[in-house]
Amino acid sequence: MQEYQQYINGEFVDSVSGEFFESQNPFNQEVLAKIPASTSEDVNLAVAAAKEAFEETDWSDVRQSQTRAQLLRSIGAQIREKIDELAEVESLDSGKTITETQLVDVHYAADTFEYFADLATQISGEVLPVPAEALDFTLREPLGVCGAIGAWNFPILFTAWKTAPALAAGNTLVYKPAQLTSRSALEVAKIFDQVGLPKGVVNIVTGSGRGVGQVLAEHHQVAKISFTGSTEVGRTVLKAAASNLKKSTLELGGKSPNIVFNDADLDRAVSAALTGIFFNGGQCCIAGSRLLLQEGIYDKFVEQLVERTKKIKLGDPLDWDSRMGPMITRKQQQQILEYIEWGKQNGMKLLTGGSIPKNPELSQGNFIEPTIFEASNNDLKLCQEEIFGPVLSVLKFKTESEALQIANDTPFGLASAVWTQDIKRALRMAKKIKAGQVWVNQYLMISPFAPHGGYKQSGYGKDLSRHCLEEYTQIKNVYVDLSEEEFLTLYE
Ligand code: NAD
């Protein structure tokens with residue numbers, strides 16, 4: 001069994017306590033690796049190393065921007081070199097199918113490092129046209145030591161999303177991956193080391209939310225916390241961040257509406273509805289977990305959707321034919337089953353799925369059948385709460401205004417989609433939907449070029465894109481008086 005070490009101050013080290021926790025394969029419950037169980041002592045060491053790298057070296061100096069760009073580009077290139085290896089680690093650890101990890105996640109992680117490499121040399125302030133004889137300009141400066149905490153559902157992507165912009169902007173970082181899926185972050189740490197990232201610039205500590213994440217979020221030497229996870233834990237992180245008023249980015253849960261009008265391209269919309277809810281077994285923050293269908297296409301759409309859902313092959317995540325793997329843990333599987341049971345008990349019409357698959361070959365895995373319910377109204381628990389599993393609620397609507405009302409009627413506002421051939425309607429909806437992302441005739445498209453982040457209780461601040469660099473920098477104003485006149489004062 002592989003035994004990992006955490007990455008602190010440019011070295012791979014055991015946790016101070018010497019304790020480990022185990023990483024388990026959700027497909028067969030096999031123990032895959034031992035991961036260091038860090039505590040506050042490890043966090044303190046990591047933060048001290050990051051502080052020293054920020055304050056005592058020239059890492060954050062603007063003259064190093066090309067070096068930072070070069071290093072980020074090399075990290076992207078090394079990830080590409082190791083796609084097969086990294087994809088396998090990720091699939092074993094998380095239960096994501098190899099098609100997802102190899103064709104999507106690991107590539108996107110490399111894309112992210114390369115994208116922020118390009119931006120590293122372009123961070124600048126601006127000259128302000130003040131109506132005075134003066135030169136007024138802003139400097140966009142790094143924050144210092146940043147902390148970041150990731151969720152388990154896209155582990156290698158979150159390592160990239162949190163690390164790349166922080167470094168591009170000249171910060172140093174302490175990153176805590178999710179306890180359930182820490183391996184790919186520690187594999188990427190090997191790449192950080194290999195490309196020669198200066199010591200202390202990135203530190204990776206592994207362990208529990210309370211024992212490590214909370215300590216990082218509370219730490220007074222940490223200037224910013226970037227969190228991806230549930231809305232519930234996001235609230236706790238925000239309270240912890242208040243300790244020294246650190247800047248916070250919260251990427252939280254969702255209950256995203258996928259809205260299909262009568263005039264939509266049906267085949268594409270059905271394909272996207274399947275992808276929207278069943279990609280990564282529905283364990284996606286941006287899952288299209290509420291499908292809103294206009295009444296004219298309702299029956300035809302549902303028929304095709306159910307037919308194609310029944311064909312989804314559940315199986316070993318390492319099998320290239322598998323289209324859905326197991327849920328991350330038994331606990332997660334149980335929670336999803338409880339939602340399904342609630343749906344059955346409360347009069348929701350089950351269209352397909354609804355239980356653990358009967359196939360004995362899957363009995364060791366945390367599988368759930370892809371499940372679709374018809375929902376009579378949007379107030380139902382299954383339409384309001386994030387299930388984080390392969391469970392879709394389908395709602396019928398008549399008019400555009402009704403669709404909009406249903407779409408916005410949740411505490412969340414992460415993503416959404418509108419399917420129509422009518423460009424005016426698409427744009428009207430795009431303006432009125434209260435969510436950080438609106439796709440038109442598309443679902444699940446995420447790119448480093450575009451900002452990702454929520455409205456309402458889906459959080460605030462952005463991952464990815466130029467906008468994300470604003471989260472990792474602060475603005476200083478410099479006013480240079482050029483006047484030759486006497487200083488204007490009220491005082492003699
Ligand atoms: P979670 O909130 O349970 O855990 C997220 C991270 O927070 C983990 O690393 C965990 O160890 C840590 N943590 C737990 N308690 C903590 C505490 N008290 N202080 C600090 N850190 C703590 O979420 P999860 O189960 O890992 O992920 C699923 C959730 O993440 C879903 O709600 C999903 O929607 C959300 N998510 C959001 C996005 C987004 O970009 N908006 C992306 C992926 C996942």
Side-chain angles (χ1 to χ4, degrees), residues 21 23 26 35 37-38 40 43 93-94 96 105 108 112 147-162 174-182 184-185 204-219 222 225-243 246 248-256 279-289 327-329 331-333 335-336 385-389 410-415 435-437 444 446 450-465 468 471:
F21 61 90
S23 125
I35 314 283
S38 302
S40 58
V43 176
D93 220 20
S94 67
K96 295 163 86 84
D105 297 14
Y108 276 18
T112 304
I149 300 170
W152 49 260
N153 58 335
F154 288 88
I156 196 165
L157 270 186
F158 297 143
T159 305
W161 288 16
K162 304 296 184 195
V174 179
Y175 177 55
K176 185 199 103 61
Q179 200 172 355
L180 295 169
T181 53
S182 302
S184 59
I204 298 193
V205 285
T206 47
S208 73
R210 279 194 190 284
V212 179
Q214 178 105 17
V215 180
L216 192 57
E218 274 168 1
H219 208 293
V222 174
I225 193 83
S226 175
F227 173 79
T228 295
S230 61
T231 297
E232 190 191 344
V233 176
R235 269 188 256 282
T236 313
V237 166
L238 193 57
K239 279 187 203 147
S243 64
K246 49 177 78 60
S248 307
T249 303
L250 300 175
E251 301 291 356
L252 311 177
K255 194 72 200 175
S256 301
F279 190 79
N280 197 21
Q283 301 168 115
C284 287
C285 56
I286 50 177
S289 51
M327 304 297 104
I328 186 76
T329 54
K331 188 172 162 219
Q332 181 78 7
Q333 181 196 37
Q335 281 171 2
I336 298 165
E385 295 181 14
E386 187 184 44
I387 300 172
F388 225 56
T410 78
F412 300 106
L414 192 54
Q437 174 78 58
L444 223 62
I446 296 273
H452 168 73
Y455 279 21
K456 302 198 279 184
Q457 291 186 42
S458 292
Y460 48 74
K462 297 292 168 194
D463 272 339
L464 303 176
S465 82
C468 152
E471 313 280 336

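All values below were derived from every heavy atom in this structure, side-chain atoms included, with hydrogens, water molecules and symmetry-related copies excluded. All ligand and atom numbering here is 1-based and tracks the order in the structure.
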Checklist entry - For ligand 1, which atoms sit closer than 4.0 Å to a heavy atom of F227? => result 2 (O), 5 (C), 6 (C), 7 (O)
Checklist outcome for this item: Nearest non-hydrogen protein atom to atom 27 (O) of ligand 1, with distance, is A151 CB, 3.4 Å
Item to check | Nearest non-hydrogen protein atom, atom 16 (C) of ligand 1 | outcome: V233 CG1, 3.4 Å
Checklist outcome for this item: Min over G209, G150, A178 of heavy-atom distance to atom 6 (C) of ligand 1 lands on G150
Item to check | N or O contact, S208 vs ligand 1, cut-off under 3.5 Å | outcome: no
Item to check | Which segment of T228 sits under 4.0 Å of ligand 1 when only heavy atoms are counted | outcome: both
Checklist entry - Which distance, rounded to the nearest 0.5 Å, do you find between the CG of N153 and the SG of C285? => result 6.0 Å
Next on the checklist: Between E386 (side chain only) and G254 (backbone N and O only), is there a donor and an acceptor less than 3.5 Å apart?
Outcome noted: yes
Item to check | Numbering as shown, the atoms of ligand 1 that approach K176 to under 4.0 Å (heavy-atom distance) | outcome: 9 (O), 10 (C), 11 (O)
Item to check | N153: numbered ligand 1 atoms lying under 4.0 Å from its heavy atoms | outcome: 43 (C), 44 (C)
Next on the checklist: If you compare all heavy atoms of L414 against all heavy atoms of L252, which two are closest, and at what distance to 0.1 Å?
Outcome noted: CD2-O, 3.7 Å
Next on the checklist: With nothing but distance in play, are any N or O atoms of E386 less than 3.5 Å from an N or O of ligand 1?
Outcome noted: yes
Item to check | Pair S226-K162, side chain to side chain donor-acceptor pair (under 3.5 Å): steps then yes or no | outcome: CA-CA 7 Å; S226 175; K162 304 296 184 195; 3.0 Å; yes
Item to check | Minimum-distance protein heavy atom relative to atom 18 (N) of ligand 1 | outcome: Q214 OE1, 2.8 Å
Item to check | Contacting atoms of ligand 1, where contact means under 4.0 angstrom from a heavy atom of G213 | outcome: 19 (N), 20 (C), 21 (N)
Checklist entry - Run the side chain to side chain donor-acceptor pair (under 3.5 Å) check on T249 and E471 step by step: do they pass? => result CA-CA 7 Å; T249 303; E471 313 280 336; 3.0 Å; yes
Next on the checklist: Looking at F154, I'd like to know if the NZ or CZ of K96 sits under 6.0 Å from its six-membered ring centre while staying within 45 degrees of the ring's axis.
Outcome noted: yes
Checklist entry - To the nearest 0.5 Å, how far apart are CG in L180 and CH2 in W152? => result 7.5 Å
Next on the checklist: Give me the residue, atom name and distance of the protein heavy atom closest to atom 33 (C) of ligand 1.
Outcome noted: F388 CE1, 3.2 Å
Checklist entry - Looking at atom 40 (O) of ligand 1, is any protein heavy atom nearer than 4.0 Å to it? => result yes
Next on the checklist: To check your reading of the model: name the closest protein heavy atom to atom 23 (O) of ligand 1, its residue, and the distance in Å.
Outcome noted: S230 N, 3.4 Å
Next on the checklist: Under 4.0 Å, heavy-atom basis, I'd like to know which part of V212 is in contact with ligand 1: side chain, backbone, both or neither.
Outcome noted: neither
Checklist entry - Taking only heavy atoms of I149, which atoms of ligand 1 are found under 4.0 Å from at least one of them? => result 6 (C), 7 (O), 9 (O), 12 (C), 20 (C), 21 (N)
Item to check | L414: numbered ligand 1 atoms lying under 4.0 Å from its heavy atoms | outcome: 41 (N)
Item to check | Least distance between heavy atoms, S230 atom then F227 atom | outcome: O-CE2, 3.6 Å
Checklist entry - Among protein heavy atoms, which sits nearest to atom 35 (C) of ligand 1, and what does the distance come to when rounded to 0.1 Å? => result G229 O, 3.1 Å
Checklist entry - Looking only at protein heavy atoms, which one is nearest to atom 26 (O) of ligand 1, and how far off is it? => result W152 CD1, 2.9 Å
Checklist entry - Is there a donor-acceptor contact under 3.5 Å linking the side chains of S208 and Q179? => result no
Checklist entry - Just wondering, are more than 12 heavy atoms of other shown residues or ligands nearer than 6.0 Å to CD in Q335? => result yes
Checklist entry - Just which atoms of ligand 1 are under 4.0 Å from any heavy atom in F158? => result 42 (C), 43 (C)
Checklist entry - Counting heavy atoms only, which part of E232 comes closer than 4.0 Å to ligand 1: side chain, backbone, both or neither? => result neither
Checklist entry - With distance as the sole test, does K176 use its side chain to make a donor-acceptor pair with the main-chain N or O of V212 at under 3.5 Å? => result no
Checklist entry - What's the shortest heavy-atom distance between E251 and H452, and which atoms? => result OE2-O, 3.0 Å
Checklist entry - Short list, please: which atoms of ligand 1 are under 4.0 Å from a heavy atom of T236? => result 18 (N)
Next on the checklist: Does only the side chain of H452 get under 4.0 Å from ligand 1, or the backbone, or both, or neither? Count heavy atoms.
Outcome noted: side chain
Checklist outcome for this item: If you scan protein heavy atoms around atom 42 (C) of ligand 1, the nearest is C285 SG, 3.0 Å
Item to check | Contact check: W161 vs ligand 1, nitrogen or oxygen atoms, below 3.5 angstrom | outcome: no
Item to check | Under-4.0 Å heavy-atom contact with ligand 1, by part of L252 that carries it | outcome: backbone
Item to check | Under 3.5 Å donor-acceptor, Q283 side chain and I328 backbone | outcome: yes
Next on the checklist: Checking D93 against T181: is there a side-chain donor and acceptor pair closer than 3.5 Å?
Outcome noted: no
Next on the checklist: Nearest 0.5 angstrom please: K239 NZ to S248 OG, how far?
Outcome noted: 13.5 Å
